[in-house]
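In what follows, a single structure is set out as structure tokens and then discussed.
On a predicted model such as this, the values are computed, not experimentally measured, just so you know.
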Amino acid sequence: MNSQHGAQTITFVRHALPEVDPQAQPSEWALTQAGVEAATALKLARSAQFVASPELKALQTVALATGLSEDAVLIDPAFREVDRIENVHDGYRAARRAWVSGELDRRHDGWESLESAAHRLSDGLRRYDAPHVIVGTHGMVLTAWLVSAGVVMPGDSAVAFWEQLPFPAVVTVGVRVSGRVSLTS
């Protein structure tokens, strides 16, 4: 968030719908056909700096949404989803919901904290100083960052924000030279 040009626009793109495979790590999940179609329909600006989480679904979403090849999108692990020990099971959404709300319990042993996830994403953003940066990322880490930036209120408001994020979602913020963040879409 060090744009030489004053204010910076950051367009976060939450990945499109992936094919959930309980036998594979979530970072390896590819998009469903519906996810491919939804990402392609986004048609994001090509006059930006493009970066994505190393998770396949985020990389694919940014590439499809911009019409670029996956090789043209920079990969930055700062934009990956929350580090966690999690199996896809019946209660995984409830565990994620509790994490987003800040109500951590034994289900979250081995999970990255909200503060750590937000700080990691913030550190990643500092590496890119183009006037407009498009970032392929994930819902939980994005929500944690928006809470830390004061754009989304913590607790129930954070959960409501996270739960309403579609696959894919586009969230655009403006960052002023002062560091103040404001939601623009």
Stepwise side-chain contact (heavy atoms from CB on, under 4.5 Å) test for Leu64 and Leu31: CA-CA 11 Å; Leu64 291 165; Leu31 298 180; 3.9 Å; yes
Gap between atom CZ of Arg96 and atom CE of Met140 - 0.5 Å precision: 6.0 Å
Straight-line distance of Trp162 CH2 to Arg14 CZ, nearest 0.5 Å: 7.0 Å
Ala45 to His132 - nearest heavy-atom pair and separation: CB-CE1, 4.5 Å
Heavy-atom donor-acceptor pair, Glu70 side chain to Gln60 backbone, under 3.5 Å: no
Expected output: side-chain Thr61 to main-chain Ala16 donor-acceptor under 3.5 Å: yes
Trace of the side-chain contact (heavy atoms from CB on, under 4.5 Å) decision for Asp76 with Val135: CA-CA 9 Å; Asp76 192 322; Val135 178; over 6 Å; no
Gap between atom CZ of Phe79 and atom CG of Leu125 - 0.5 Å precision: 4.5 Å
Where Ser53 and Ala58 come nearest, the two heavy atoms and their spacing: CB-CB, 3.8 Å
Same apolar cluster: Val181 and Leu142, side chain cutoff 4.5 Å: yes
Counterpart residues, ring pair (Phe, Tyr, Trp, His ring centres under 6.0 Å), relative to Phe161 (two or more places apart): none
Separation between CH2 of Trp99 and CG of Leu104, rounded to the nearest 0.5 Å: 8.0 Å
Closest approach of Val20 to Pro22 (non-hydrogen atoms, all atoms of both residues): O-CD, 3.8 Å
Other cluster members, Val170 - Ile/Leu/Val/Met/Phe/Trp/Tyr, side-chain contacts below 4.5 Å: Val13, Leu42, Leu44, Phe50, Leu59, Val62, Leu68, Val73, Ile75, Ile134
Chi angles and distances behind the side-chain contact (heavy atoms from CB on, under 4.5 Å) call for Val100, Val147: CA-CA 10 Å; Val100 168; Val147 167; over 6 Å; no
Nearest atoms (heavy-atom pairs only) where Trp145 meets Ser148: O-OG, 2.8 Å
Asp156 atom CG, over 12 foreign heavy atoms within 6.0 Å: no
Side-chain touch Thr172/Thr9, heavy atoms, less than 4.5 angstrom: yes
Contact summary for Arg80 and Pro54, nearest pair of heavy atoms: CB-CD, 4.1 Å
Minimum side-chain heavy-atom gap Gln49-Leu74 below 4.5 Å: yes
NE2 (His119) with more than 12 external heavy atoms under 6.0 Å: no
Non-hydrogen atoms of Ala38 and Pro168 that approach each other most closely: CB-CD, 3.4 Å
Test item: Leu165 and Val171 side chains (from C-beta on) under 4.5 Å apart, heavy atoms: yes
Asp123/Arg120 ion pair, N-O < 4.0 Å: no
Backbone of His15 reached by a side-chain donor or acceptor of His138 within 3.5 Å: no
Transitive ILVMFWY side-chain link Val141 to Met153, under 4.5 Å: no
Spatial distance of atom NZ (Lys57) from atom CD (Glu28) [nearest 0.5 Å]: 9.5 Å
Over 12 non-hydrogen atoms of neighbours within 6.0 angstrom of CD in Gln164: yes
Nearest-0.5 Å distance that lies between atom OG1 in Thr143 and atom CG in Leu114: 9.5 Å
Heavy-atom donor-acceptor pair, Trp29 side chain to Glu55 backbone, under 3.5 Å: no
